[in-house]
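Throughout, a chain's letter reflects where its sequence line sits, starting with A, and its residues are numbered from 1. Keep in mind the model is a prediction, meaning the values are calculated, not measured.
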4 protein chains.
Amino acid sequence: MPSMRAAVFQGPGKITLQEKPIPSVGPGDALIRITTTTICGTDVHILKGEYPVQPGLTIGHEPVGVIEKLGSNVTGYQEGQRVIAGAICPSFYSYACQDGCASQDGQAHGHGYKPMGGWRFGNTIDGTQAEYVLVPDAQANLAPIPDGLTDEQVLMCPDIMSTGFAGAEQANIKIGDIVAVFAQGPIGLCATAGARLRGASKIIVVDGIDERLAIARHMGADEVVNFRKTDVVDEILRLTGGRGVDAAIEALGTQATFEAALRVLKPGGTLSSLGVYSTDLRIPLGPFAAGLGNHKIITSLCPGGKERMRRLMNVIETHRVDLAPLVTHHYKLADIESAYDLFANQRDGVLKVAITP
Amino acid sequence: MPSMRAAVFQGPGKITLQEKPIPSVGPGDALIRITTTTICGTDVHILKGEYPVQPGLTIGHEPVGVIEKLGSNVTGYQEGQRVIAGAICPSFYSYACQDGCASQDGQAHGHGYKPMGGWRFGNTIDGTQAEYVLVPDAQANLAPIPDGLTDEQVLMCPDIMSTGFAGAEQANIKIGDIVAVFAQGPIGLCATAGARLRGASKIIVVDGIDERLAIARHMGADEVVNFRKTDVVDEILRLTGGRGVDAAIEALGTQATFEAALRVLKPGGTLSSLGVYSTDLRIPLGPFAAGLGNHKIITSLCPGGKERMRRLMNVIETHRVDLAPLVTHHYKLADIESAYDLFANQRDGVLKVAITP
Amino acid sequence: MPSMRAAVFQGPGKITLQEKPIPSVGPGDALIRITTTTICGTDVHILKGEYPVQPGLTIGHEPVGVIEKLGSNVTGYQEGQRVIAGAICPSFYSYACQDGCASQDGQAHGHGYKPMGGWRFGNTIDGTQAEYVLVPDAQANLAPIPDGLTDEQVLMCPDIMSTGFAGAEQANIKIGDIVAVFAQGPIGLCATAGARLRGASKIIVVDGIDERLAIARHMGADEVVNFRKTDVVDEILRLTGGRGVDAAIEALGTQATFEAALRVLKPGGTLSSLGVYSTDLRIPLGPFAAGLGNHKIITSLCPGGKERMRRLMNVIETHRVDLAPLVTHHYKLADIESAYDLFANQRDGVLKVAITP
Amino acid sequence: MPSMRAAVFQGPGKITLQEKPIPSVGPGDALIRITTTTICGTDVHILKGEYPVQPGLTIGHEPVGVIEKLGSNVTGYQEGQRVIAGAICPSFYSYACQDGCASQDGQAHGHGYKPMGGWRFGNTIDGTQAEYVLVPDAQANLAPIPDGLTDEQVLMCPDIMSTGFAGAEQANIKIGDIVAVFAQGPIGLCATAGARLRGASKIIVVDGIDERLAIARHMGADEVVNFRKTDVVDEILRLTGGRGVDAAIEALGTQATFEAALRVLKPGGTLSSLGVYSTDLRIPLGPFAAGLGNHKIITSLCPGGKERMRRLMNVIETHRVDLAPLVTHHYKLADIESAYDLFANQRDGVLKVAITP
């Protein structure tokens, strides 16, 4: 049985490269030879033991690659074709999927909604930080890469761009809105680009790192606020003439950012939350207007599927956004442990790391 | 200057009947002679000092009456005509109103959104527990009562029905949804009726008083759960086959009901919150799926305006719902202090009290 | 090879019963033994040669039956289980399906949207007027019948109820709306029931047959208009005080009903169209306000899939609507040619015909 | 009584400059001294007698100016302040306005919806092609111009930009959509800019004038099609790989553009119509999929009100779009008859004409 190298979760604090068999391909699957992948903040949660997965699992959920082998039921693709698949790869046939909740894909046959059930790579099945990955429900999830786009140009589509854009989409932005985005890591930067793409007329972004704020301007921010230097709530209220923002996008996953987002939100506004929280959240009574403020709090998990991927790649193909600045570092798969070390410790101004075989 | 009797907030713990001048009518106003009004849970918050209003203010925000005098700019109405006005009576011309947030009506000329700014009766101007009330922006707020409807039939429209229905409307109910409603006081009962009216196919309601649960069945509930006898979360999960509900409506304003609503909500579902909270709220991490559950939390303040009132009265006129069972007690205005005593202490199975001159 | 009887389109004017092989079951399919099916108006279009299908095709798209055999990839069902499937049975994995247009399901692998591509039974593959039918993409389309519901109770779910309800859903009905429904055949009657279920406060229905108007009242109509006796537009404008209706549902497919629907529609209103038209349509300039009336014209094709079927069956299970009065006649499959004769000629007050083996 | 000059409709074919009294100011009004206005295609319809208005009416509905005098009830503004008002200036308090149909503003007190009832300037009351204009319901309609913006920068806001953007907004554009815009006059160009602003990833525009197509590229078009040189439907289907467009915006008001828009629309797509039609429209059966294509046809009338104007001016202030290229010619009010001659005959590449006192 041929084997491949894969970055495997061994237990809290330990992801190491090891040999694994190349998976065999079932009728609905596709085997993808990975040409580029990356590390996500969620992977760091896994590494640290904050998000539980089974020891022995291959990590990673952002695949760019080439079809190595197609299952017998998968049609309309060719072996050798360049493709991506979403980090979240739902079946699309479950009750939850048909009900509009594909990311919360229930079991195929049950009535249920499984929280985050659509997230399988590097969560419930082997992931993408390997030489090969098996894509389940391939007919629903393989998205051909348009000619002329490089691996790095589409590397953000499976997760970072899809999630960040979802933050803007769910914020229900209308033309002329003022939008604040809290945190300008890769997802926050994509939320900024997404808010711009939806017609916000003023975008205010918050982070503590000036380099990220500079990139945020490139992504479409009109105003930047460094929370290490300024009182964020005061400054945003000042920038909006006391009115507050129409929508606030939370892109970190902490009480502080969630709460600040609520404090700058106008009555009737939407708090669109993307972050992965690690503690209970507190909603302060006053900014919540005791429950009478017509506020909306909406959470999103990265949308997946081949149609979503097709749309995102089109956005890149027609130069609506350029996410190249997000790839700050490059590593070989053989050196992925070093890449984790850099990324988990956020050294050297890292945003995203491209991993190639 | 002619005078009238009015129920006036004197300070925490004290609402008393006193003489006040009948208000004079500005060009955009209408003076309404009250024929029926009622006491709301919010009035009890005011009475207890939990919600601050100015001492000297007339309380009450649910007017049914007759036009006594119209301002010079108000057209299309006749003095002597029977009308209601919403508890929330926005200007409809402010920036906030034009932006779709009428209940959070900002100042007429500012850019702002004032939390609950549309609520004026018994909050920022004299209210309806009096012989007369002055309706501001009358052209936008006077709603003629259809012939054949009694005062009591429309008494719930200004607040209770508008709020309860908003809970169902904002829950984004689709045909075939399972909906849970937490608390079956007057607003919760109207939320139940509203959920039925929007096409929910199974409605599960929760309260601790069997009499209210019995009325809830009359309003459209399919299943009733008494939280004093049953573990609410377990029971609702059982009733939904472990799937959870598509929408949960919170109609009380406590941590317990808010949290239970979240715990029974399917990933991707909507928590529609109506309650007036008096403490910070806690969102538990697990049921919130760490922020990755595609949950929506939506709060609503009672919609007002003559168009909303017209629609609600039509619903009653064509017998879609019958809210008569909600009026359990009758008092004269002269005895309103006794009515407060009954209502604030929730004695004698009281739901709503009709107050007449 | 075992054989079965099936109603087969032989050419315009001719549908006859003949022997056909029982289909063999592929990995994603399910073979259903039909216990009840029915004839649809669309089948009559096919019979008359107005809608082209291949000679030799088995007709019918409304299956109620029992799982005879499951494909190797289909899980979570048992052979012997009672199920239905939607008239429209999309793959749910195509680009079109993932884009929210399941009824217009494109090819599995192409980018395309195929008009009515989700309609396969009795259109592009063998249909349900037979002893057995093969359900493709069974995992997405088999919907178990809740215990206690009879075949006839769920016989309208696959098409008539799903289509009629879609007419009400797409009409964007709000609580307190006035809705007119044009034509009260089976689909129009379901649109009436659907409008009621969505919260319309006044429902005005139009037909030329008094018996249908009587059933319409049972389905929720408040006012009935017989177009043979009354000028429909004048009467509806009178019934609405000159205001027009908030939404008009067209359920026949003629210029006359489409145009009347537009003529009674308020500026800003929605014309929800369900009919299958057989000629170009004309939009009259005046009622269309020269294109400046903020009108919406929305067409719908029957939604399918197991989640839709689940929801519709729940609506019946909890007694929200009773569609039993729509089944007016019963035939054996052996006598289906007589059933077509009755149904195509609309004799004897027929609404729907139940066909059993 | 002081007088002013105004461009007055005298009868079909004749708009002339004449002296009129400066209007007196009622309590809810504001008198605006016009500093810049313009001529709209609708004015040309009026000139030609195709759209009926009363002889003697001052024409024009696009005001930029300075507050000369405020009515006694209008607060929050200062005389001397620079403002605009929407071409459509609804009351915002009528039933229609409260129901979300402000452009179809009914009478203040009736239940009705008056088609285009919100359009008053140069239609039912004296318009803006004059030295002064009286703005009714001023509290709802006066929108202060942000510091630093010139008259010409905001001249498109009252109508052209608001209408064109509405075309994009009502097209329900999602990120990654392909959108076609038919006709690239001023409104079509703004629809193109609006589609870009909402996140369309490919925008295909159609016109017969190469200069307009060149400006369209500046506004955000990715592909341009000259209908004089190319078969529009074939070309757009080619550009979309046979798939059709997600949304088609009609910005002219002819059968040809309406029909082409439908022919290139994917099943499930939206046809957003902005044009003022002058004949009945024909919907061809095939492209309409006989009414089974899940198509949406949505018409829009220019949204107005101070909140809409505020948002549009913010879009300009933050440089999201630059509409300066649309002002191709400048005239003094004294020469407005020449301006009409140029504009009505579309000479000299005219797009929009700035008229100053």
Exercise. For the side chain of D/D222 and the backbone of D/I203, is there at least one donor-acceptor N/O pair under 3.5 Å apart?
Worked result: yes
Seminar exercise, completed: So the salt bridge (Lys or Arg N to Asp or Glu O under 4.0 Å) pairs with at least one residue in residues 87-98 of chain A (sequence neighbours excluded) are none
Exercise. Among A/V315, A/T318, A/I316, A/I175, who wins on heavy-atom pairs under 4.5 Å with chain D?
Worked result: A/I175
Exercise. Measuring heavy-atom distances to chain D, does A/R320 have an atom under 4.5 Å in its side chain, in its backbone, in both, or in neither?
Worked result: side chain
Exercise. Quick one: what part of D/A200 sits under 4.5 Å from any heavy atom of chain A, side chain, backbone, both or neither?
Worked result: backbone
Exercise. So D/K352 and D/D159, salt bridge (charged side-chain N to carboxylate O under 4.0 Å, His left out) or not? Walk me through it.
Worked result: CA-CA 12 Å; D/K352 288 289 281 186; D/D159 185 346; over 6 Å; no
Problem set entry | Non-hydrogen atoms of A/M156 and A/L323 that approach each other most closely | CB-CD1, 3.7 Å
Seminar exercise, completed: Heaviest contributor of heavy-atom pairs below 4.5 Å to chain D, chosen from A/I178, A/L312, A/N314, is A/N314
Seminar exercise, completed: When the 4.5 angstrom heavy-atom criterion is applied to D/R308 and chain A, the contacting part is neither
For this session: Name the option with the most non-hydrogen atom pairs under 4.5 Å to chain D; the candidates are A/H319, A/K202, A/K174.
Result: A/K174
Problem set entry | Contacting region of A/E317 [heavy-atom separation from chain D under 4.5 Å] | neither
For this session: Could you have a look at D/G176, D/G220, D/G194, D/A168 and say which one has the most heavy-atom pairs with chain A under 4.5 angstrom?
Result: D/G176
Exercise. Would you say D/D99's side chain and D/C101's backbone share a donor-acceptor pair under 3.5 angstrom?
Worked result: no
Problem set entry | Side-chain donor-acceptor pair present, A/E152, A/T36, cut-off under 3.5 Å | no
